[in-house]
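Inspection log for the structure reproduced underneath, given as structure tokens.
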Amino acid sequence: MERPVRVRFAPSPTGALHIGGVRTALYNYLFARQHGGKFLVRIEDTDQERFVEGAEEYIYETLHWLGIPADESSEVGGEYAPYRQSERKEIYAKYIQILLEKGHAYYAFDTKEEIEDLRNRLEAAKSTNPSYNALTRQQMKNSLTLPAEEVQRRLEAGEPHVIRLKTPPREEIRFHDLIRGAQYIHSSTLDDKVLIKQDGLPTYHFANVVDDYLMRITHVFRGEEWLPSAPSHILLYQFFGWEAEMPLFAHLPLILAPDGSKLSKRKASEYGIPVFPLFWHNHETQEDIKGYRENGYLPEALINFLALIGWNAGTEQEIFSLEELVPLFKIEQIHKAGARFDIEKAKWYNEHYLRHKDNTELASLLIESSLLTPEGGISAELAGKLVVLMKDRATFPADMWQKVPYLFHAPTEFDATVTGDSKKWHDEAKNFIKELSEKLTDFTQDWTAESIKHFIHEVAEAKALKVGKFMQAIRTATTGAGQGPDLMLILEILGKTETQARWARVEHI
RNA sequence: GGUCUGUUCGUCUAGGGGUUAGGACGCGUCCCUUUCACGGAUGAAACACGGGUUCGAUUCCCGUACGGACUACCA
């Protein structure tokens, strides 16, 4: 009875993948790996009107970037191909026939206007279930109410129609959700879902059940938004006689905006939260939107952060690699309530992984982050030094050069909390800096942080002065900022000539 | 409106009939440090409300309030 675990991530290529979808994919991946099963990606492209060019490639690029690729997909193929629903049309046609023959589905010829009329009437009458359902279908134009000959005639004449699920009027539907436990829903609250649309393609409700069955899916992880329609899916499994092979369901809590509402694109940008994993160009609005990757988030940080939204190992551990997550992930530990997105914590994870990253790797990330900017083409040598200088004070790779503009341009403004403070900025300090610049002419050693430090100390000692008293003044005169990373390393990066020039200018500050 | 679903520090969460209700992010203070940051230490900060059940409820039950999802020939 134990079947090999097979889970699927079933995104719809209607635009860039949403961050919530990324988490769903991650949970699917973790579960599959843990059980030595298969993780598949099935493209749910049955809505031709909403199809967006490039969206499918985007999904795969995201999974590759995060290191959670699919075992079977429309990209790599697999035993149960095709994995694109638009290519499975005949399969659905065959299976809907079974339902039709068994009397669990029926043809409906109603126009959109007629359906809208029905809803308006029912709402006006304060119906508790104002929909096309087991009760109201009696008043509509369908193969249940029309004479068989007329149905036949309409079908042969090619009249537009849909095929609907014949929901039983009074039946308790029960199923077990792995996260929420036992679910009981009365069929009288359901509607007769459209299974096959007028264009001949199936709706999600139908395609998803048929495909999950055919692809031997054992567990369905999907967003909470599917919970209300799950009973209709259960009905489908029952009508097909597939209960024994029905997958177990786990409806994941939603990821919410900081204010507790749905994390929409608009809401997200309002709070400075990226919603997309990668860069996305919206052809409709001509909008370019940066993703987590372009913002400088590391994949391991995103994975760790996402995994902990709505799930917890039950320990006090906060840092998990993908590999660590695999054996630990438990459905029972998935939270029921929606979780608000906390960008500060995401940044903290990024800082953590940044600090633990290999310097060479960081240097190439840094260079990459500068490529399309005026500073572009930061040399490997400079990048290496910047990493040492800035690793501990950066949230994103680009911070390592963006937070030190004075390394690229001499400052024109100087921190007034220093230059305006007579205890920190006085003639003695200015004279000392001036002297440093003059003495630098005779400096012949290698220009390194170490030798520079030695030099400054020597000059100070010769005059019986304490260096500490001038350090902040030197820093401000050099960088314009009263605070920052290691000054000696900054001077080393600046080079002797530039350092001397900046120091020489001290009297004009 | 209806159906479903949820509610522990500001946020993510652990816990579960008797606990000083634990951790993390963020915030405050201190230490380290030439500054800042890192790091370390430390502090403030929560069981939505009302009824039960019970010797005892934050924990179990029922309501209330407040969220959220769904209510398409979209997924």
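Each chain gets a letter, A, B and so on, in the order the sequences are listed, and its residues count up from 1. Keep in mind the model is a prediction, meaning the values are calculated, not measured.
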- prompt: Taking OP1 and OP2 of B/G68, is either one under 4.0 Å from a side-chain nitrogen or oxygen of A/Ser261?
  reply: no

- prompt: Does A/His335 place a side-chain N or O at less than 4.0 Å from the phosphate oxygens OP1/OP2 of B/U7?
  reply: no

- prompt: OP1, OP2 of B/A37 versus side-chain N and O of A/Lys403: anything below 4.0 Å?
  reply: no

message: Applying a 4.0 Å non-hydrogen cut-off, can you work out what A/Arg119 is touching in the nucleic acid: base, sugar-phosphate, or nothing?
response: sugar-phosphate

message: Quick check: on RNA chain B, is the nucleotide nearest A/Gly338 upstream (toward 5') of the one nearest A/Pro202, or the reverse? Name the residue that is more 5'.
response: A/Gly338

field: Residue pair A/Phe9, A/Leu17: steps toward the side chain to side chain contact (heavy atoms under 4.5 Å, CB included) verdict
entry: CA-CA 12 Å; A/Phe9 174 51; A/Leu17 191 55; 3.7 Å; yes

task: Report which part of the nucleic acid A/Thr315 touches: base, sugar-phosphate, or nothing (heavy-atom distance under 4.0 Å, all strands).
output: nothing

- request: Classify the ring geometry between A/Trp226 and A/His233 as parallel (under 30°), tilted (30 to 60°) or perpendicular (over 60°).
  value: tilted

- request: Select base, sugar-phosphate, or nothing to describe what A/Arg340 touches, counting heavy atoms under 4.0 Å on all strands.
  value: sugar-phosphate

task: Give one of base, sugar-phosphate or nothing for A/Glu344, where a contact means two heavy atoms less than 4.0 Å apart.
output: sugar-phosphate

query: Does the base of B/A72 carry an N or O that pairs as donor and acceptor with the side chain of A/Lys112 under 3.5 Å?
result: no

task: May I ask you to evaluate whether A/Gln183 reaches the phosphate of B/C4, defined as a side-chain N or O under 4.0 Å from OP1 or OP2?
output: no

Any A/Lys197 side-chain N or O less than 4.0 Å from OP1/OP2 of B/A75: yes

field: Near-ring test A/Tyr406/A/Phe414, centroid separation under 6.0 angstrom
entry: no

- prompt: How is A/Glu318 classified with respect to the nucleic acid when contacts are heavy atoms under 4.0 Å: base, sugar-phosphate, or nothing?
  reply: base

- prompt: Does the base of B/C38 carry an N or O that pairs as donor and acceptor with the side chain of A/Arg355 under 3.5 Å?
  reply: no

message: Is A/Arg164 close enough to B/C73 that one of its side-chain N or O atoms is under 4.0 Å from OP1 or OP2 there?
response: yes

task: Name the orientation class of the two ring planes belonging to A/Tyr107 and A/Phe109 (parallel below 30°, tilted from 30 to 60°, perpendicular beyond 60°).
output: parallel

